[in-house]
Amino acid sequence: MDPTPATGTSLDLLLQHLIAACVFSVVGIVVFMGCLVLMEKLTPFSILHEIGEEHNLAVSIVVAAIVLGVSIIIAASVIG
């Protein structure tokens, strides 16, 4: 059995995987930022004001849970 891939050298394969990882990372970050903007628009109050100026711990915990949930979904979609 030939250990090298049929499409080229192992360096070419590594470069293809690095480019794919960078593209998926950028797409994941853009989707994540879009979700944060959407969450800010859907709430009847300003999340940034509540966390930054009012120091509302409950809103911070809810936002952290949403951020973790969206991040896990994006990571699972990137991994495939």
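Summarising the geometry, atom CG belonging to Leu13 is positioned 10.0 Å from atom CG belonging to Leu18; distances are rounded to the nearest 0.5 Å. In this structure, the separation between CD1 on Ile66 and CD1 on Ile61 is 12.5 Å, given to the nearest 0.5 Å. With values rounded to the nearest 0.5 angstrom, His55 atom NE2 is found 8.5 Å from Glu53 atom CD. Here Lys41 contributes atom NZ and Ser46 contributes atom OG; the two are 10.0 Å apart, rounded to the nearest 0.5 Å.
Not a single side chain to side chain donor-acceptor pair (under 3.5 Å) links Ser60 to another residue, sequence neighbours left out.
Just one residue in the list Ile47, Val31, Val70, Val67 forms a side-chain contact (heavy atoms from CB on, under 4.5 Å) with Leu36, and that residue is Val67.
At a threshold of 4.5 Å between non-hydrogen side-chain atoms, the residues Asp12 and Thr9 count as touching.
Of all heavy-atom pairs spanning Glu40 and Leu48, the tightest one is OE1-N, 3.7 Å.
Shown here is Phe24, whose CZ atom has no more than 12 heavy atoms of other residues, nucleotides or ligands within 6.0 Å.
A single hydrophobic cluster is seen to contain both Ile29 and Val63, as judged by linkage of ILVMFWY side chains at heavy-atom distances under 4.5 Å, directly or through other members. Taking hydrophobic clusters as Ile, Leu, Val, Met, Phe, Trp and Tyr residues chained together by side-chain heavy-atom distances below 4.5 Å, Leu38 does not share a cluster with Val59. A continuous path of Ile, Leu, Val, Met, Phe, Trp and Tyr side chains, each step under 4.5 Å between heavy atoms, connects Met39 with Val62, placing both in one hydrophobic cluster.
Between the Glu54 side chain and the His49 main chain, no donor and acceptor come within less than 3.5 Å of each other.
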